[in-house]
Structures are given as structure tokens and as C-alpha cells.
Peer 1: 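Once you've had a glance at the structure underneath, I'll fire off some questions.
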Amino acid sequence: MTFEKRVQIHLPSLSPGQKKVADFILQNLEYFSYATLAKLSKDIGVSETTVIRLAYSLEFDSFSQMQNAIRSQLLQSPETNHSIDVKSNNFYTEFFYQEIQVIQAMLSRLDLQTLDQIYRKLHEADRILLVGARSSHYAAEWFGNQLYLIRPNVYVIQQFYDSRLDLLKELTSSSVVFAISMARYAKWTYSYTKLGKQQGAAIVVLTDSLSSPLAELADHTLLVESNRNELGSNSLAPLFCILDALLARFLANDPENIARRMTTNETFNKHFDYYYE
């Protein structure tokens with residue numbers, strides 16, 4: 001079991017301090033694998049006891065066992081290039097390589113089993129509600145529109161207000177609320193997702209930190225690599241990469257049914273003269 005998977009399983013029982021430690025470890029796996037307990041506690045800004053208690057909360061026998069488990073995980077992971085050093089006079093070339101590095105770092109920590117579980121939840125759901133606010137809303141809207149081309153009963157919830165309360169009232173244990181929330185976390189997204197959970201729906205959360213309020217509601221959590229700029233906004237490239245991967249899995253697993261649905265959609269589109277082609 002990966003370290004990230006352990007954290008997701010035990011997340012509801014972790015204290016705020018332990019979540020802070022877990023976040024730091026997930027963002028710095030290689031550094032954590034060899035750093036001393038004293039140095040780590042100082043870097044994270046917590047007591048040594050908090051780090052040790054995290055190990056116990058994740059069902060390790062000791063801090064050393066947790067560290068050794070992460071070291072073994074790193075040794076078993078496919079090698080990725082985290083040291084791309086592009087020296088050029090072109091701003092855009094350097095920028096694109098930085099984006100590649102962010103995605104590579106995310107891939108090295110991504111729990112692919114969780115990603116597949118989310119795909120199966122979406123595939124089997126009787127309805128899917130996509131929820132997000134601010135920049136996350138545009139990601140939810142894009143993903144929802146693409147997903148609707150593939151399967152029925154997909155709804156993008158309008159941010160901050162949506163009068164379609166029947167969408168919430170008709171949720172079942174087979175439904176999915178798919179929430180996207182990056183710092184700064186919108187209270188509206190949390191409130192709507194919580195209502196969905198109270199109705200019995202499965203909650204899938206894409207966020208950038210285990211300290212995100214949305215993580216405590218989630219049945220499945222995927223952490224998007226954080227790469228905040230001077231405006232306080234995260235790069236959307238890692239987020240869209242995950243969403244695109246889920247769409248690709250749909251396309252790969254059910255091409256015949258998707259092709260029939262696309263053909264039906266195109267037949268109706270012709271009546272409205274939407275496109276030049």
C-alpha cells in the first residue's frame with residue numbers, strides 16, 4: 001500500500017497537525033526518506049511528537065518504519081526525471097518544461113489504484129454532479145461537458161447558485177458528486193458537496209492538499225500537484241491531465257457504445273446547424 005493510500009484511508013482520524021505533516025511528506029517524499037526526525041519537525045513547523053503520532057495513526061510501528069516504507073516505495077516506483085534544467089533565452093520554452101516537471105512530480109505520487117476506482121465509480125453511477133467554484137468551476141464545466149458526450153445523466157452545477165434542487169434530492173447511493181476545489185477553497189463547494197454526501201452519494205474530490213476542507217468529505221481523493229503562482233492561482237495543467245486521463249479510460253474501455261452515442265448526438269446536431277463542418 002502506498003503512503004498516499006494510507007493517508008487517504010486514515011484521513012478522517014488525523015489531527016490538523018498530522019495532516020500538515022502528511023501534506024509535507026507527500027510533497028517531499030524523497031527528502032523525507034533520508035531526513036532526520038529533528039530536521040523534519042523543524043522544517044514542517046511541528047513537534048517531533050506530532051510526526052511520530054502520524055506514524056502511529058497510519059498504523060506504522062514507529063517513525064523509522066514509516067520512513068523505510070517510503071524509501072521502499074520510491075525504489076519501486078518507475079524512474080521519472082525531476083531534474084530537467086532548461087537553460088534557454090526563451091521564456092515560453094522554460095515555462096513549458098516547468099509544467100512538465102509539475103506533472104512528472106504528480107505522477108510519481110499519484111495513486112493509480114484510486115484513479116481507477118474513481119473511473120469505475122463514474123462508469124457505474126446513475127448520475128454525476130460536477131461541482132466547483134471560481135477557476136475550478138471551469139475545469140468542472142469542461143469535464144462535465146466532455147463526460148456528457150460519453151454517458152448520460154451528467155450535470156454541471158452552476159457555481160454559487162443552482163435552482164435545480166431536484167438534482168440533489170434525487171441522488172442515491174449509486175450517484176457521484178465530483179468536487180474540484182483548489183486553494184483558496186470555496187465554502188460554497190464544501191456546502192454543496194456536504195449536501196450530496198448527506199443524500200448518500202459517493203464523493204470524489206480533486207484538490208491540492210490533504211488540509212483542504214473537501215478532503216474530509218471524500219470517499220476518494222486525488223491530490224493535484226500544487227504549483228501556485230504570484231497571483232495565488234494553481235497551474236491548471238496537472239488538473240486537466242487527471243481529468244483527461246479519466247476521459248481516456250472511458251474511451252478505451254467502451255468504444256462501441258460511445259461511438260453509437262456520438263452518432264446519435266451528431267444526428268440531432270444537424271437539425272440545429274451548430275457547426276461549419
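These values consider heavy atoms only, across backbone and side chains, with no hydrogens, waters or symmetry-generated copies.
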Peer 1: Would a 4.5 Å heavy-atom cut-off, applied to side chains only, mark Q104 and I100 as touching?
Peer 2: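 A side-chain contact exists here, since the closest heavy-atom pair is under 4.5 Å.
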Peer 1: Check residues 141-150 and write down every donor-acceptor pair under 3.5 Å in which the side-chain atom is one partner and the other belongs to a residue at least two apart or another chain.
Peer 2:
unit_1, atom_1, unit_2, atom_2, d
N145, ND2, E141, O, 3.2

Peer 1: By side-chain contact (heavy atoms from CB on, under 4.5 Å), which residues pair with Q117, not counting sequence neighbours?
Peer 2: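 In terms of side-chain contact (heavy atoms from CB on, under 4.5 Å), with neighbours along the sequence ignored, Q117 is linked to K5, Q113, T114, H220.
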Peer 1: Any chance you could pull the hydrophobic cluster mates of I103, using side-chain heavy atoms under 4.5 angstrom and chaining through other members?
Peer 2: none
Peer 1: Give a yes or no on whether Y161 and I180 share a hydrophobic cluster (residues Ile, Leu, Val, Met, Phe, Trp, Tyr; joining criterion: side-chain heavy atoms under 4.5 Å apart).
Peer 2: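 No; tracing contacts between hydrophobic side chains, which count when under 4.5 Å, never links both residues.
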Peer 1: Which residue pairs satisfy the ring-ring contact (aromatic ring centres under 6.0 Å, His included) criterion with at least one member in residues 34-59, sequence neighbours excluded?
Peer 2: Y31-Y34
Peer 1: Dump the intermediate steps for side chain to side chain contact (heavy atoms under 4.5 Å, CB included) on L26 and E4, then the final yes or no.
Peer 2: CA-CA 7 Å; L26 288 169; E4 184 180 45; 3.8 Å; yes
Peer 1: Over all heavy atoms of both residues, which pair between G132 and A140 is shortest? Give the atoms and the distance, please.
Peer 2: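 Looking at all heavy atoms of both residues, the shortest contact is N-CB, 4.3 Å.
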Peer 1: Can you name the closest pair of heavy atoms from P255 and N253 and give their distance?
Peer 2: CD-C, 3.5 Å
Peer 1: Heavy atoms only: give me the nearest A133-A186 pair and the separation to one decimal.
Peer 2: CB-CB, 3.7 Å
Peer 1: Atom CG in L122, atom CG in L130: separation rounded to 0.5 Å?
Peer 2: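 Spacing of CG (L122) from CG (L130) equals 8.5 Å.
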Peer 1: Which Ile, Leu, Val, Met, Phe, Trp or Tyr residues join Y138 in one cluster when any pair of side-chain heavy atoms under 4.5 Å counts as a link?
Peer 2: none
Peer 1: Check M66 against L58 and note the closest heavy-atom contact, atom names and distance.
Peer 2: SD-CD1, 4.2 Å
Peer 1: May I ask you to say whether D166 pairs ionically with R164, meaning some side-chain N is under 4.0 Å from a carboxylate O?
Peer 2: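 No, D166 and R164 are not salt-bridged.
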Peer 1: What residues form a salt bridge (charged side-chain N to carboxylate O under 4.0 Å, His left out) with D219, not counting sequence neighbours?
Peer 2: K197
Peer 1: Find out whether I25 and L54 are in side-chain contact, i.e. whether some heavy atom of one side chain is under 4.5 Å from a heavy atom of the other.
Peer 2: yes
Peer 1: Walk me through whether M106 and I242 qualify under side chain to side chain contact (heavy atoms under 4.5 Å, CB included).
Peer 2: CA-CA 10 Å; M106 181 177 70; I242 288 178; 3.7 Å; yes
Peer 1: Count the heavy atoms belonging to other residues, nucleotides or ligands that lie under 6.0 Å from CD of E256, then report whether that count exceeds 12.
Peer 2: no
Peer 1: Starting at CG of D208, measure out to CD of Q27 and round the result to the nearest 0.5 Å.
Peer 2: 8.5 Å
Peer 1: Would you check if N90 and F95 make a side-chain contact, meaning some heavy-atom pair closer than 4.5 Å?
Peer 2: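 They are not in contact (no side-chain heavy atoms under 4.5 Å apart), so the answer is no.
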Peer 1: Side-chain heavy atoms under 4.5 Å apart, restricted to Ile/Leu/Val/Met/Phe/Trp/Tyr: what other residues fall into the cluster of I203, or is it alone?
Peer 2: L129, V131, Y155, I157, F160, L167, L168, L171, V177, W188, Y190, Y192, L195, V205, L214, L217
Peer 1: If the condition is ring-ring contact (aromatic ring centres under 6.0 Å, His included), which residues does F63 pass it with, not counting sequence neighbours?
Peer 2: F32
Peer 1: Give, for atom CD1 of I258 and atom CG of L251, the distance between the pair rounded to the nearest 0.5 Å.
Peer 2: 4.5 Å
Peer 1: Verify, without hydrogens or angle tests, whether E124 (side chain) and S174 (backbone) share a donor-acceptor contact under 3.5 angstrom.
Peer 2: no
Peer 1: Nearest heavy-atom pair of T2 and Q73: which atoms, and what distance?
Peer 2: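 So the two residues come closest at CA-OE1, 3.5 Å.
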Peer 1: With sequence neighbours excluded, what pairs up with R261 under the salt bridge (charged side-chain N to carboxylate O under 4.0 Å, His left out) test?
Peer 2: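 Not a single residue meets the salt bridge (charged side-chain N to carboxylate O under 4.0 Å, His left out) criterion with R261.
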Peer 1: To the nearest 0.5 Å, what is the distance between CG on L210 and CG on L223?
Peer 2: 4.5 Å
Peer 1: Side-chain donor-acceptor pair under 3.5 Å between T50 and S47, yes or no?
Peer 2: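 Yes, side-chain donor-acceptor contact under 3.5 Å.
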Peer 1: Using side-chain heavy atoms (C-beta onward) and a distance below 4.5 Å, is Q101 in contact with Y97?
Peer 2: no
Peer 1: Could you go through residues 13-21 and list every donor-acceptor pair under 3.5 Å that involves a side-chain atom there, pairing it with any protein atom two or more places apart or in another chain?
Peer 2:
unit_1, atom_1, unit_2, atom_2, d
S13, OG, H10, O, 2.8
S15, OG, Q18, N, 3.2
Q18, OE1, S15, N, 3.1
Q18, NE2, S57, OG, 3.4
K20, NZ, I44, O, 3.2

Peer 1: Taking the side chain as every heavy atom from C-beta outward, state whether T207 and V224 have any atom pair closer than 4.5 Å.
Peer 2: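 The answer is no, as the side chains (C-beta and beyond) never meet within the 4.5 Å cut-off.
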Peer 1: Tell me every residue that passes side chain to side chain donor-acceptor pair (under 3.5 Å) with R151, counting only those two or more places apart in sequence or in another chain.
Peer 2: none
Peer 1: Would you call the rings of F60 and F3 parallel, tilted or perpendicular, taking 30° and 60° as the class edges?
Peer 2: parallel
Peer 1: Can you check whether N28 reaches F24 side chain to side chain, under 4.5 Å on heavy atoms?
Peer 2: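 Counting from C-beta outward, N28 and F24 do come under 4.5 Å.
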Peer 1: Identify, with sequence neighbours excluded, every residue that meets salt bridge (charged side-chain N to carboxylate O under 4.0 Å, His left out) alongside K42.
Peer 2: none
Peer 1: T189 and S181: which non-hydrogen atoms are nearest, and at how many Å?
Peer 2: CG2-CB, 4.3 Å
Peer 1: CD/E48 to OG/S41 distance, rounded to the nearest 0.5 angstrom?
Peer 2: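 It is 4.5 Å, given to the nearest 0.5 Å.
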Peer 1: R127 side chain to N153 main-chain N or O, any donor-acceptor pair under 3.5 Å?
Peer 2: no
Peer 1: Quick one: are D111 and Q8 in side-chain contact, heavy atoms under 4.5 Å?
Peer 2: yes
Peer 1: Is any side-chain heavy atom of Q158 less than 4.5 Å from a side-chain heavy atom of H137?
Peer 2: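 In short, these two side chains touch, coming nearer than 4.5 Å.
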Peer 1: Taking atom CG of L239 and atom OG of S136, what is their separation to the nearest 0.5 Å?
Peer 2: 7.0 Å
